[in-house]
Amino acid sequence: MHGFKIHHVLHKKDNTKVEFSPEILSKVQQIIKRYPEGRHKSALLPILHIAQEELGGWLSPAVMDYVASLLSIQPIEVYEVATFYTQFYTQPVGKYVLEICQTATCAACGGEDIMEHLENKLGIKAGETTTDGLFTLKGVECLGGCGYAPVMQVNTEFHEHLTTEKVDALLEELKNNKNADKAKESKWAEKFF
Amino acid sequence: MGRKILLENIDKEGIERFDVYRKHGGYTALEKALKLTPDEVTEEVKKSGMRGRGGAGFPTGMKWSFLDKKSNNPRYLICNADESEPGTFKDRYLIEKLPHLLVEGLIISSYALGVNTCYIYVRGEFKYLIGILNKAICEANANKFLGKNILNTGYSLDIHVHSGAGAYICGEETAQIESLEGKRGNPRIKPPFPALKGLYDCPTVVNNVETLAAVVPIISMGGEEYAKIGTGRSTGTKLISASGHINRPGVYEIEMNISVEEFLMSDEYCGGMKNGKPLKAVIAGGSSVPILPAHLILKTANGENRMMTYESLADGGFATGTMLGSGGFIAYDEDSCIVRNTWNLTRFYHHESCGQCSPCREGTGWMERVLHRLENGEGRMHDIDLLTNISKNIEGNTICPLGDAAAWPVASAIRHFRDEFEFHVKNPGIVKNIKHGSLKKYTV
């Protein structure tokens, strides 16, 4: 019942409709079928990824409650998972999340300089989002790209052997892209799940 | 040139496609395996002596033999593609370039284990691999190597790809099982081991990507032939992820019979140190294993050449040796600051601790704070022994090995580079003014 209360309050504050399109919904059903009968909770992580992508870029309590209802589980079961995994954002983020690896080889090969450069360039600190809502800057732990250090990930894309020039060029490209790539992303769930 | 058995066909144009993979002998090991009984396949893997390639190095055939085959419950195979150990990037490379090699390995292994459902748990950050794997699975299905009644043998298998969401701990097998059940990645207390009670409380085997891919050449050439490659109990080939201050970072397949020096200096592998700078230290098997100074990584304490094998790297125990681990080989040049590097790794473990066990949850954060003040010139001399003390109190006192993995880098850094820690305490002014850790010009 605790979950219900949170649900109730949030829906008062936030009237945006939280619902997958029929196309995505059928994808979700397809994912659930990968797990044995009665084990549909296993689909939680993949569905949270899709929910985050499709329903506003982050997991608001309303989105998490919707996912709970889809899987017939308690909202708390979704909250505890969403807050455990670093790829799930429980706060709003920018359109592009710049995740710069700060661990081990990346740190030894200039990852910290890249972070500093981006902080100066964007005028924000790690963990913050630019006022235009375009970029969120994050320091992350090992991205598994040590042989191509320093690396960062922008949404699902890896960018490797970074230099400050490369980063500047990428920022320009993303700025100019800001309205153009919606069509490209519409098959996101199909492509990755 | 070293012998390549996993990556033999990696440069063939279009090898990620079914038809090209098949043309180069793909799926013939599966055809061979399906003519054997499942126990005979397991026997070949046992004979190969292959040790798990994820990091722990446990013999794969033996792990398989623990699977409870008397249970009436379904059995599961989970392919651990949650590659997250700092310094390690071989599995993503293998999947990206040779997805069908993994799929073939999964089918053979599932057949040996009597498994009809297999999950590939892919690290959340590697979403691009999911599309690659799904395509390979589709192609294998369409060609009757996967799905119902494979090649009319009556054996059926489904492989599903599952995505993690950014948690190092989910590389630990019981945490991975929890995560696959849609929960937080909290490791389980063992026993019961997954072989008896794993996914959905059913008998389960969790193996690393490279391990399962290596089953293909083991079946192709036979376990005994495979065991002839390498040295001693380090049979076969191993993928090494090489990174750091070297000329040729990348993934290399090595026969486990070459020396560390050859691996580091040869143009076939790392190609020597970048800018010709002297080597200071190496982390040989992923961030969790003890760091060794140059003289101990190149030669054992007895003065023998250190080899790229499980045994040789472990020679001397933790006093003077280390571990092959996941094969994440990070080389540091003379300008690297060991204190900063240790702080960096400890921050990682603190971030990745699941929080279940207090020695790990509290200890990693405590070590991180102490290392941070040392690195920033605010440390005290007794902080060094304090770190050793905390690390000892974490080691062995947690449910899963993450606690050990956090303790070992700290203990080994102090063991081998104590003077550098003391330098940080004695010279706060200098240390405070160094940007991002270069120390060489102040200490030499």
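Each chain gets a letter, A, B and so on, in the order its sequence line appears, and its residues count up from 1. A quick note: this is a predicted structure, and the numbers were derived from the prediction, not measured.
Of the N and O atoms on the side chains of A/Tyr85 and B/Ser179, at least one donor lies less than 3.5 Å from an acceptor on the other residue.
Of the two parts of B/Arg184, the backbone and the side chain both hold a non-hydrogen atom closer than 4.5 Å to a non-hydrogen atom of chain A. Contact annotation for B/Thr88: only backbone heavy atoms (N, CA, C, O) come within less than 4.5 Å of a heavy atom of chain A. Heavy atoms closer than 4.5 Å to chain B are found in both the backbone and the side chain of A/Phe193. Using a 4.5 Å cut-off between heavy atoms, A/Glu99 makes no contact with chain B at all. Contact annotation for B/Ile169: only side-chain heavy atoms (C-beta onward) come within less than 4.5 Å of a heavy atom of chain A. Heavy atoms closer than 4.5 Å to chain A are found in the side chain of B/Arg123, but not in its backbone. For chain A, no part of B/Phe329 is nearby; none of its heavy atoms comes within less than 4.5 Å.
Counting only residues at least two apart or in different chains, salt bridge (charged side-chain N to carboxylate O under 4.0 Å, His left out) contacts with residues 66-87 of chain A comprise A/Lys41-A/Glu77.
Counting non-hydrogen atoms of other residues, nucleotides and ligands closer than 6.0 Å to NZ of A/Lys166 gives a total above 12. Heavy atoms of other residues, nucleotides or ligands lying less than 6.0 angstrom from NZ of A/Lys138 number more than 12.
Contact record, B/Tyr200 with A/Ser42: OH-OG, 2.6 Å, taken as the closest heavy-atom pair. Pairing each heavy atom of A/Ala104 with each of B/Leu345, the nearest pair is CB-CD2, 3.9 Å. Between A/Phe192 and B/Lys127, the shortest heavy-atom contact is CD2-O, 3.3 Å.
Contact tally against chain A (heavy-atom pairs below 4.5 Å) for B/Gly328, B/Ser243, B/Cys354, B/Gly87: the top residue is B/Ser243. Highest contact tally toward chain A, considering only B/Gly250, B/Gly166, B/Pro249, is held by B/Gly166 [criterion: heavy-atom pairs under 4.5 Å]. Among A/Asp113, A/Leu44, A/Ile47, A/Thr83, the residue with the largest count of heavy-atom pairs under 4.5 Å with chain B is A/Asp113. Annotation: maximal heavy-atom pairing with chain B below 4.5 Å, among A/Leu48, A/Thr103, A/Thr156, A/Leu71, occurs at A/Thr103. Between chain A and the residues B/Arg248, B/Glu83, B/His245, the largest count of heavy-atom pairs under 4.5 Å involves B/His245. Between chain A and the residues B/Gly355, B/Gly244, B/Gly185, the most heavy-atom pairs under 4.5 angstrom are made by B/Gly185.
Atom SG in A/Cys109 sits 6.0 Å away from atom NZ in B/Lys274 (nearest 0.5 Å). Here the CD1-OG1 distance, from B/Ile246 to A/Thr105, works out to 8.5 Å after rounding to the nearest 0.5 Å. Between the CZ atom in A/Arg39 and the CG atom in B/Leu180 there is a gap of 11.0 Å [rounded to 0.5 Å]. One distance of note links CD1 of A/Ile31 with NE2 of B/His162; it measures 10.0 Å at 0.5 Å rounding. One distance of note links CD of A/Gln87 with CD of B/Glu125; it measures 4.0 Å at 0.5 Å rounding.
With sequence neighbours excluded, no residue forms a salt bridge (charged side-chain N to carboxylate O under 4.0 Å, His left out) with B/Lys97. Looking at residues two or more places apart in sequence or on another chain, you find no ring-ring contact (aromatic ring centres under 6.0 Å, His included) involving A/Tyr89.
In this structure, A/Glu112 and B/Arg340 have side chains that are in contact, with non-hydrogen atoms separated by less than 4.5 Å.
Judged purely by atom type and a 3.5 angstrom limit, B/Tyr119 uses its side chain to pair as donor or acceptor with the backbone of A/Arg34. At distances below 3.5 Å, at least one donor-acceptor pair connects side-chain atoms of A/His49 with backbone N or O atoms of B/Gly164.
Applying a 4.5 Å heavy-atom cutoff, the residues of residues 140-150 of chain A that approach chain B are A/Glu141, A/Cys142, A/Leu143, A/Gly144, A/Gly145, A/Cys146, A/Gly147, A/Tyr148.
Ring geometry for B/Phe126 against A/Phe158 counts as tilted: the plane angle lies between 30° and 60°, on a 0 to 90° scale.
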